[in-house]
Amino acid sequence: MDFALSEEQEAIFDMATAFGEAEIAPHAQVWEREGTIPKDLWPKLAELGFGGLYVSEENGGSGLSRLDATLVFEALSQSCASVAAFLSIHNMCAKMLDNYASAELRDRYLPRALTMETFFSYCLTEPGSGSDAAALKTRAERTNEGYVMNGTKAFISGGGYSDAYIVMARTGEDGPRGISSIIVDDGAEGLSFGGLEDKMGWRSQPTRQVQFDDCKVPAGNLLGEEGKGFRYAMAGLDGGRLNIAACSLGAAQAALDATLTYMGERKAFGQPIDQFQALQFRLAEMEIELQAARTFLRQAAWKLDENHPDATKFCAMAKKHVTEVGSRVADQCLQLHGGYGYLADYGIEKIVRDLRVHQILEGTNEIMRLIVARQMLAERG
Ligand SMILES: Cc1cc2nc3c(=O)[nH]c(=O)nc-3n(C[C@H](O)[C@H](O)[C@H](O)COP(=O)(O)OP(=O)(O)OC[C@H]3O[C@@H](n4cnc5c(N)ncnc54)[C@H](O)[C@@H]3O)c2cc1C
């Protein structure tokens with residue numbers, strides 16, 4: 001058993017950290033105020049191979065392992081979790097193209113997804129179905145010309161911003177087997193968007209409803225086979241959960257690093273506040289929690305890379321645990337900054353706000369518990 005990162009993995013982490021410090025951190029607060037991320041950021045990230053982190057090399061991607069990818073998200077989140085998490089969604093979509101698209105569809109979309117000239121959104125949630133995603137109602141009727149889509153997707157990261165959408169829509173019976181994944185291009189007839197959602201965190205990512213009103217989609221935009229869309233959508237989620245957990249980890253680590261520095265500078269009662277043993281113990285608790293979370297996350301990523309039978313359970317456990325630790329640590333860091341932690345200039349309140357949603361999406365942390373408990377009951381024999 002070897003817990004060390006390889007030299008290559010260290011290099012990936014350092015490269016992503018350096019990119020974040022130079023290209024993301026200086027702008028993160030402006031982007032959150034403006035409610036959008038400039039599109040010219042993405043090709044720069046793509047030059048590092050981050051447009052298709054775990055897309056196979058054979059199809060032009062970086063061919064990294066899931067563990068390697070968590071390093072990228074952890075590193076970038078030290079600069080901004082919202083930007084890093086947005087990149088994770090695009091990568092989830094790129095991997096769906098890599099795995100399931102026909103050669104024709106792949107050739108049409110994947111190269112520009114990898115260079116990030118085409119930014120992708122993932123459309124599963126609807127106003128009436130979130131956790132119970134298989135109850136979705138958006139319908140894609142097959143006609144002679146292709147599909148005609150009707151329905152609404154809710155909470156779509158990149159809605160009205162992305163260049164293309166992977167939409168999970170019903171082409172058949174009720175339940176998961178009646179769902180297909182279909183690519184809808186921005187500008188398609190009948191595609192429109194709701195207003196910008198006013199959110200607690202992830203404010204630099206535009207979130208909108210995505211609406212289909214007799215939206216016409218060519219038949220060739222079907223991803224893989226009809227009726228398998230729900231399986232495709234779920235297959236990406238183990239890795240997506242690792243990515244989101246990594247985003248919590250990186251941002252919480254950045255908060256802790258800043259807090260350690262701040263506590264050496266801030267004085268109260270005639271001494272730096274890092275001299276109060278009660279506060280030193282809190283630093284120690286946070287360090288222990290984050291290191292344990294990191295080890296757990298990397299173990300789960302390793303299980304997924306190894307196709308281990310309990311990989312899904314470990315991804316769910318890690319997502320639940322790491323996102324909760326990340327939020328706890330960020331909140332404590334705000335507290336240790338006193339009133340200054342509450343001010344935007346210090347960057348800590350943004351981390352607290354950004355990380356909160358990680359307990360809600362990619363499957364809520366209640367659903368993570370459900371996955372773990374079901375597996376435990378099944379294994380009980
Ligand atoms: C900022 C943001 C961005 C998002 N981006 C996207 C995106 O890009 N694409 C996309 O498809 N979706 C996206 N989502 C949607 C997200 O995945 C859903 O919000 C999430 O899955 C929860 O669904 P819901 O909001 O409908 O809550 P519900 O499913 O209505 O859940 C409400 C509460 O009930 C609990 N609950 C539900 N069922 C159970 C159960 N069986 N047992 C125990 N507890 C249960 C939940 O955990 C939760 O606490 C985004 C959401 C947000 C907030």
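Counting starts at 1 for both ligands and their atoms, in listed order.
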K.L.:
Could you tell me whether Asp163 and Lys39 make a salt bridge, using a distance below 4.0 angstrom between a side-chain N and a carboxylate O?
P.N.:
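Judged by the 4.0 Å cut-off on N to carboxylate O distance, Asp163 and Lys39 do form a salt bridge.
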
K.L.:
Indicate yes or no: does Asp198 engage Arg203 in a salt bridge with an N to O separation below 4.0 Å.
P.N.:
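Result for this pair is yes, salt bridge flagged.
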
K.L.:
Can you find a protein heavy atom under 4.0 Å from atom 34 (O) of ligand 1?
P.N.:
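For atom 34 (O) of ligand 1 the answer is no, since every protein heavy atom stays at 4.0 Å or beyond.
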
K.L.:
Can you name the atoms of ligand 1, numbered from 1 with element, that are less than 4.0 Å from a heavy atom of Ile360?
P.N.:
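This gives 20 (C) as the contact atoms.
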
K.L.:
Who pairs with Glu225 by side chain to side chain donor-acceptor pair (under 3.5 Å), at least two apart in sequence or on another chain?
P.N.:
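Lys228.
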
K.L.:
Would you check whether Ser157 has a nitrogen or oxygen atom less than 3.5 angstrom from a nitrogen or oxygen atom of ligand 1?
P.N.:
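In this structure, Ser157 places an N or O atom under 3.5 Å from an N or O of ligand 1.
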
K.L.:
Under 3.5 Å, side chain of Tyr122 to main-chain N/O of Ala233, donor-acceptor pair present?
P.N.:
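Side chain of Tyr122 to backbone of Ala233, a donor-acceptor pair under 3.5 Å: yes, one is there.
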
K.L.:
Could you tell me the residue and atom name of the protein heavy atom closest to atom 40 (C) of ligand 1, and the distance to it rounded to 0.1 Å?
P.N.:
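The closest heavy atom on the protein side is Ile367 CD1, 4.1 Å.
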
K.L.:
Which residue is it: Val167, Val217, Thr152? I am looking for the one with a side chain to side chain contact (heavy atoms under 4.5 Å, CB included) to Phe212.
P.N.:
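Testing each of Val167, Val217, Thr152 against Phe212, the sole residue satisfying side chain to side chain contact (heavy atoms under 4.5 Å, CB included) is Val167.
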
K.L.:
Quick test: of every protein heavy atom, which one is nearest to atom 22 (C) of ligand 1, and how far off is it to 0.1 Å?
P.N.:
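Ranking protein heavy atoms by distance from atom 22 (C) of ligand 1, first comes Thr364 CG2, 3.7 Å.
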
K.L.:
Of all residues at least two apart in sequence or in a different chain, which pass the salt bridge (charged side-chain N to carboxylate O under 4.0 Å, His left out) check with Arg328?
P.N.:
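If we apply the salt bridge (charged side-chain N to carboxylate O under 4.0 Å, His left out) test to Arg328, skipping adjacent residues, the hits are Glu289.
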
K.L.:
For ligand 1, which atoms, with element, lie under 4.0 Å from some heavy atom of Lys199?
P.N.:
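Counting atoms of ligand 1 from 1, those under 4.0 Å from Lys199 are 1 (C).
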
K.L.:
Among all the protein's heavy atoms, is there at least one whose distance to atom 13 (C) of ligand 1 comes out below 4.0 Å?
P.N.:
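At least one protein heavy atom is under 4.0 Å away.
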
K.L.:
I need the nearest protein heavy-atom contact for atom 27 (O) of ligand 1: residue, atom name and distance, please.
P.N.:
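Its nearest protein heavy-atom neighbour is Ser131 OG, 4.3 Å.
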
K.L.:
Which residue and atom name correspond to the protein heavy atom nearest atom 4 (C) of ligand 1, and how close is it?
P.N.:
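Ranking protein heavy atoms by distance from atom 4 (C) of ligand 1, first comes Phe155 O, 3.0 Å.
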
K.L.:
Test Met286 against every option in Leu290, Ile288, Leu283 by the side chain to side chain contact (heavy atoms under 4.5 Å, CB included) rule and name the one that passes.
P.N.:
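Passing option: Leu283.
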
K.L.:
If you have a sec, work out which protein heavy atom is nearest atom 26 (O) of ligand 1 and how many Å separate them, to one decimal?
P.N.:
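Checked against all protein heavy atoms, atom 26 (O) of ligand 1 sits closest to Gly130 CA, 3.2 Å.
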
K.L.:
How far is atom 43 (C) of ligand 1 from the closest protein heavy atom, and which atom is that?
P.N.:
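Minimum-distance protein heavy atom for atom 43 (C) of ligand 1 reads Glu366 CB, 4.0 Å.
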
K.L.:
Ligand 1 and Leu124, any nitrogen or oxygen pair closer than 3.5 angstrom?
P.N.:
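Checking ligand 1 against Leu124, an N or O pair does fall under 3.5 Å apart.
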
K.L.:
Going by an N to O cut-off under 4.0 Å, is there a salt bridge joining Glu362 and Lys319?
P.N.:
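No, Glu362 and Lys319 are not salt-bridged.
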
